[in-house]
Amino acid sequence: MHLPQSKNVSNQNTVSIYEALPCEQILNASVTALRFKPAMGTIMQWAHRKESRAVCVANVHMLMESYWHPKFSQVLQKADMVTPDGMPLVWMMKLLGRERQDRVAGMDILQSLCQQASEQNIKVFFLGSQQAILDRMRTRLEQEYPHLDIAAMKPLPFRPLTLQEDQELIEEIHASGAGLVFLSLGCPKQEKWMAEHQGQVQAVMIGLGGAFPVYAGLKKWAPRWVRQAGLEWLYRLIQEPRRLIGRYSQTIPPFMLLSLAQLLSHYFSPRRVLSAFKL
């Protein structure tokens, strides 16, 4: 993650834009080790300054994509923030020493930033998904955040944009004055899009994946106790078995094995063994 270094921190809920964000390595990905409020405060700092930043919201699927595909691993390494969306990532971080780490999940990010943006006069731009989903989101957003300044809500075609279309999109985002750009293109497409547009889109880009249809009410959000228990994957699987059974069967077992190997290496490293016996 590419951030200039400094020791200054503005307050307990933000990290200075000049300070490198703390990270924890899980498999081959660097996950940002910030609790929810400081993470949101840092994003809002960037948004106020219209900085070109990429925020990836990581779960098991994304980390396995990174592990299997070196080019996608580079995409995550280039990101300015990689939040632990899935509870397995949070558990791993706690076991690796980040005991106070909490979940920084897509739906929570969306709601928190919309609330803060409405209070701090930051314009927001919604990009991706389908027009019907965006229309339903707008209705709910206008009810819950009446002062939120929605710069635009724009679906994208399934095909790649032409160079001219891409340039026109960048210009549209800039002309809108948005400080936050919420993306729903699916993993790994949205992460690749953000990496390609770092330095071009002068706003904080946040990949929220499936949060759009959930917020629109087309998919059910798991109850809080289910999310906290780390069973949201099972809740989603029950809702969409055909779509998710293949992904989960391919990603969850290898993630568990690789995580176990990492934890064994962490806890039984020569240095730790020597320290335990005071040798």
Exercise. Going through the distances and angles, do Phe255 and Leu27 end up as a side chain to side chain contact (heavy atoms under 4.5 Å, CB included)?
Worked result: CA-CA 9 Å; Phe255 178 81; Leu27 307 189; 3.8 Å; yes
For this session: Measure the spacing between CG of Leu63 and CG of Leu89 and express it to the nearest 0.5 Å.
Result: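 Rounded to the nearest 0.5 Å, the CG-CG separation comes to 5.0 Å.
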Exercise. How far does CG of Leu95 sit from CD of Glu24, to the nearest 0.5 angstrom?
Worked result: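 One gets 10.5 Å once the value is rounded to the nearest 0.5 Å.
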For this session: Apply the test side chain to side chain contact (heavy atoms under 4.5 Å, CB included) to residues Leu96 and Leu263: give CA-CA distance (whole Å), side-chain angles for both, the deciding distance (0.1 Å), then the verdict.
Result: CA-CA 7 Å; Leu96 292 170; Leu263 291 172; 3.9 Å; yes
Problem set entry | Minimal non-hydrogen separation, Lys123 against Gly177, with atom names | CB-O, 3.8 Å
Exercise. Side chains of Ser52 and Gln202: is there a donor and an acceptor less than 3.5 Å apart?
Worked result: no
For this session: Using distance alone, with no hydrogens and no angle criterion, decide if Gln115 and Gln111 have a side-chain donor and acceptor under 3.5 Å apart.
Result: no
Exercise. Does the side chain of Ile150 come within less than 4.5 Å of Val124's, by heavy atoms?
Worked result: yes
For this session: Could you check if a side-chain atom of Glu196 sits within less than 4.5 angstrom of a side-chain atom of Val75, using non-hydrogen atoms only?
Result: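 No, every pair of side-chain atoms sits at 4.5 Å or beyond.
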May I ask you to check whether over 12 heavy atoms, not counting those of [X], lie within 6.0 Å of atom [atom1]?
X      : atom1 : result
Leu264 : CG    : yes
Trp193 : CH2   : yes
Tyr67  : OH    : no

For this session: Output yes when Arg236 and Glu240 qualify as a salt bridge under the 4.0 Å nitrogen-oxygen rule, no when they do not.
Result: no
Problem set entry | Cation-aromatic face contact Arg227/Trp221, 6.0 Å, 45 degrees |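 Judged by the rule, Arg227 and Trp221 form a cation-pi pair.
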Problem set entry | Lys94, Arg35, Gln228 screened by side chain to side chain donor-acceptor pair (under 3.5 Å) with Asp102, the one that passes |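 Passing option: Arg35.
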